[in-house]
Number of protein chains: 2
Amino acid sequence: MSQSLRKQAVTAEDVAKRAGVSRAVVSRALSSNGSISPATKEKVLRAAQELGYQVNFLAQGLNRQRSHLIGVIVARIGDPFRSSLLESLLHEIQRRGYQALVTEITGEQDLVATLRRFTQFRVSGVIVTSGQPPEAIVNECVSQRIPVVGINRHPDIQFVDFVCSDNVSGARQAAEQLYDSGCRRFGWLNNCGSTWAGIQRGEAFFHALQQLGVDTQQQVRWFDAREEGYDGGFQAAQQSDEDLPEGIFCANAQLACGFLDGMRQRGKSAPADFHLIGFDNTPQSGQFSYQLTTLHQDVAEIANRALTRLLERAKNPLQPSRVEWVKVKLIYRQTSPLIG
Amino acid sequence: MSQSLRKQAVTAEDVAKRAGVSRAVVSRALSSNGSISPATKEKVLRAAQELGYQVNFLAQGLNRQRSHLIGVIVARIGDPFRSSLLESLLHEIQRRGYQALVTEITGEQDLVATLRRFTQFRVSGVIVTSGQPPEAIVNECVSQRIPVVGINRHPDIQFVDFVCSDNVSGARQAAEQLYDSGCRRFGWLNNCGSTWAGIQRGEAFFHALQQLGVDTQQQVRWFDAREEGYDGGFQAAQQSDEDLPEGIFCANAQLACGFLDGMRQRGKSAPADFHLIGFDNTPQSGQFSYQLTTLHQDVAEIANRALTRLLERAKNPLQPSRVEWVKVKLIYRQTSPLIG
DNA sequence: TTGAAAGCGCTACCAT
DNA sequence: ATGGTAGCGCTTTCAA
């Protein structure tokens, strides 16, 4: 009661006074950093408890030159996959005792400004889930010993680690499933201006089909959605002609759901008229109206590894870049059912 | 180049030296707070520019007793409505020059810990989009002059402002649309353990029906979903008997989509077999496979007002609580089409 | 083991 | 208009 009425927050000094020690001791008692006798530690802790003492993170961070903040850069959170990735990242960040700073960007210039702002808060690390950070600004982070990790980004920056879903394996699984289901003419659906991950999936799909003996020149069609997301997929379906490929692989779940609906509007459905495999395994792809066969991205594992990389690099900032490929798993549903 | 190699970040002191002034002047030049001649200001700004100076927000915040951080408390971001609300909040926070601190909670005790952590960062404000913060911890915020605003929360805490969608108006619009479409037997679908907003929508729906002359004792059925979200709605549909009400109102979009799919599985569809109106107008509700008639929550407006309230209360912390009701709009789609 | 003291980088007050 | 200076609250040597 009296506590909730005080104007000024209680400081380490107050605790020190109450415990009858110096503030240095208080600091040690709480950070368990430096030697202190069990008895006084106990005494200090009790005093802190009684006073309701809370460390001022601003002061702590200023002194240690590092806050307990981790910056996360996202874009288009409305997309179900992105929001579930963010959810996992938040979980993981909190689980490890950090606090997330999150910024949504809409373009590359936002990215630079954001990264700079993060450095101003002396963040303990940065996680980039969208955009391709320019070398220059990343170097600023590196020189300030701020670890940066990219998720599903093109892994080509020095001193930056990457965690990516294994797109190549995913594309191969998709190709094989479609081929084994009897498809011989294929389609690849992506939106123009796609992310690196989408492009990699497409290339790997072609490659896998070639290895299966498919004449990719003749037997693979290319669907380019004008825009990303559900609407892009929907329009692509509407604009496609009657000569539909038998097996279609799609860069992500939103495009796939849109495509499915666009086809449905034209009276065509999967798996009757074509097979369709998506990526991401968003909640929506499992719903009764879609039942999309899709490659599951393990967001929990991705988040876990991202944090591990971050903390690892914090210890050893100049180690060479690492890329971790996280396993993806094909979830069989209606749009390309499991055979045999 | 040389800049990116420096170990230590450049400080106001460096800028002062380069510009040939004191650090106090540097501070003024950048904060435009205190008097300074245009000439020196220009000089300082140029020096800062050349050195690539960036204010250390930790130091600034420590001194000003307030960071440029705004804490946001969320839950279950995977839910499309929640993620779009978060997206709008991030936009608004960034637009006003703040940086968002976001924490996902899974229970009320997380809420207390989070709020406390926010105070440790000396946030400029807190936005609660989930959970009901206990009076005690909110008082800690109040006593530290940290403004708190709740979104779609039960507005009953002193010194806390609230921004809520106008659930009562929404429920009335739903009731009238259903009634005007000829429905005379009604249903209300919500999950048990629903949020305050859901409950308020239900109560208002009953009340509106009464005003329309409906015998709510006899003519309104109650559907209780075991769990929240799509799955809850789906199961509720499966468990319902054959005697379906003509017009059903649903607490949110996810439940509604699930219900629609559950019914679809049983061979029933809207608007042929029943009418259905949801809340939220998530992207999914507009998709071809759902086309859900729904009440649109204006998340951009909600976010805007929340920030305005926050900054307003920062100036005048002890003003009485305010509740703002944001207009909701009925979007007519297939599950209860516009008549006439 | 403990305490004194020197900062971390910035802001704001008070002289000049 | 400008510069000196006293903190903001904490951590961390360095002596004792």
Side-chain angles (χ1 to χ4, degrees), chain A residues 6-45 47-48 51-69 117 119-124 144-145, chain B residues 6-45 47-48 51-69 117 119-124 144-145:
Chain A
R6 42 182 316 133
K7 267 282 120 59
Q8 279 296 40
V10 15
T11 90
E13 177 104 44
D14 300 327
V15 178
K17 239 176 247 157
R18 176 159 192 134
V21 296
S22 75
R23 25 153 140 212
V25 174
V26 175
S27 179
R28 280 174 211 136
L30 280 112
S31 64
S32 58
N33 188 0
S35 57
I36 182 173
S37 85
T40 42
K41 177 164 184 173
E42 169 64 27
K43 196 169 50 179
V44 171
L45 255 33
L51 261 40
Y53 171 71
Q54 306 285 126
V55 176
N56 180 329
F57 285 149
L58 262 24
Q60 184 182 72
L62 174 60
N63 191 294
R64 294 203 180 147
Q65 324 246 22
R66 194 104 311 169
S67 64
H68 252 160
L69 260 18
R117 190 140 29 81
T119 66
Q120 296 186 264
F121 279 109
R122 299 294 185 269
V123 296
S124 295
Q144 295 190 42
R145 324 207 119 212
Chain B
R6 41 183 316 135
K7 268 280 119 64
Q8 278 296 39
V10 16
T11 91
E13 177 104 43
D14 301 327
V15 177
K17 241 177 244 156
R18 174 155 191 138
V21 296
S22 76
R23 30 155 162 254
V25 174
V26 175
S27 179
R28 279 175 215 138
L30 281 112
S31 65
S32 57
N33 189 357
S35 56
I36 183 174
S37 84
T40 40
K41 176 164 186 174
E42 169 63 27
K43 196 169 52 180
V44 172
L45 256 34
L51 261 40
Y53 171 71
Q54 307 284 127
V55 176
N56 179 328
F57 285 149
L58 262 23
Q60 186 180 73
L62 174 60
N63 192 294
R64 294 201 179 149
Q65 323 246 24
R66 193 104 312 168
S67 65
H68 253 160
L69 260 19
R117 189 140 29 82
T119 66
Q120 295 187 264
F121 280 109
R122 299 294 185 267
V123 296
S124 295
Q144 295 190 44
R145 324 207 119 213

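Only this structure's heavy atoms are used, side chains among them; waters, hydrogens and symmetry mates stay out. Each chain gets a letter, A, B and so on, in the order the sequences are listed, and its residues count up from 1.
Here A/Glu42 pairs with A/Arg46 under the side-chain contact (heavy atoms from CB on, under 4.5 Å) rule; sequence neighbours left out. Scored by the side-chain hydrogen bond (donor to acceptor under 3.5 Å, both in side chains) test, B/Arg122 finds no partners at all (sequence neighbours excluded). Annotation: side-chain contact (heavy atoms from CB on, under 4.5 Å) contacts of A/Glu13 (sequence neighbours excluded): A/Thr11, A/Lys17, A/Arg23. Partners of B/Gln54 under the side-chain contact (heavy atoms from CB on, under 4.5 Å) rule, at least two apart in sequence or in another chain, are A/Arg116, A/Gln120. With sequence neighbours excluded, the residues forming a side-chain hydrogen bond (donor to acceptor under 3.5 Å, both in side chains) with A/Arg117 are B/Gln99, listed by chain and number.
Sorted pairs that involve residues 29-41 of chain A and meet salt bridge (Lys or Arg N to Asp or Glu O under 4.0 Å), not counting sequence neighbours, are lacking altogether.
Computed from coordinates, the B/His68 NE2 to C/dC10 P distance equals 15 Å when rounded to whole Å. Put simply, CD1 on A/Ile36 is 12 Å from C1' on C/dG3, counting in whole angstrom units.
Residue A/Val21 comes nearest to A/Val44 through the heavy atom pair CG2-CG2, 4.0 Å, listed as atom of the first residue, atom of the second, then distance. Taking all atoms of both residues into account, the shortest heavy-atom contact from B/Tyr53 to B/Ala12 is CE1-N, 3.3 Å. B/Ala47 and B/Arg18 make their closest contact through CB-CG, 3.9 Å (heavy atoms, listed as atom of the first residue, atom of the second, distance).
Across its full length, the helix from C/dT1-D/dA16 to C/dT16-D/dA1 shows an angle of 40° between the axes of its 5 terminal pairs at either end, rounded to 10 degrees.
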Just distance, no hydrogens or angles: give the donor-acceptor pairs under 3.5 Å from side chains in residues 25-37 of chain A, sequence neighbours left out.
unit_1  : atom_1 : unit_2  : atom_2 : d
A/Ser31 : OG     : A/Ser27 : O      : 2.9
A/Ser37 : OG     : A/Thr40 : N      : 3.2
A/Ser37 : OG     : A/Thr40 : OG1    : 2.8

Under 3.5 Å, sequence neighbours excluded: what are the donor-acceptor pairs made by side chains of residues 55-63 of chain B?
unit_1  : atom_1 : unit_2  : atom_2 : d
B/Asn56 : OD1    : B/Leu58 : N      : 2.8
B/Asn56 : OD1    : B/Ala59 : N      : 3.1

Set out, line by line, the N/O atom pairs under 3.5 Å between protein and nucleotides 7-9 of chain C.
unit_1 : atom_1 : unit_2  : atom_2 : d
C/dG7  : N2     : A/Asn63 : ND2    : 2.2

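Contact check of residues 26-35 of chain B against DNA chain D (heavy atom, cut-off under 4.0 Å) returns B/Arg28, B/Ser35.
One finds a side-chain N or O of A/Thr40 lying less than 4.0 angstrom from the OP1 or OP2 phosphate oxygen of C/dT2.
Residues B/Arg66 and B/Arg145 have side chains in contact (heavy-atom distance under 4.5 Å, counting atoms from C-beta outward).
The outermost nucleotides of DNA chain D lying under 4.0 Å from heavy atoms of chain B, listed 5' to 3', are D/dA1 to D/dG9.
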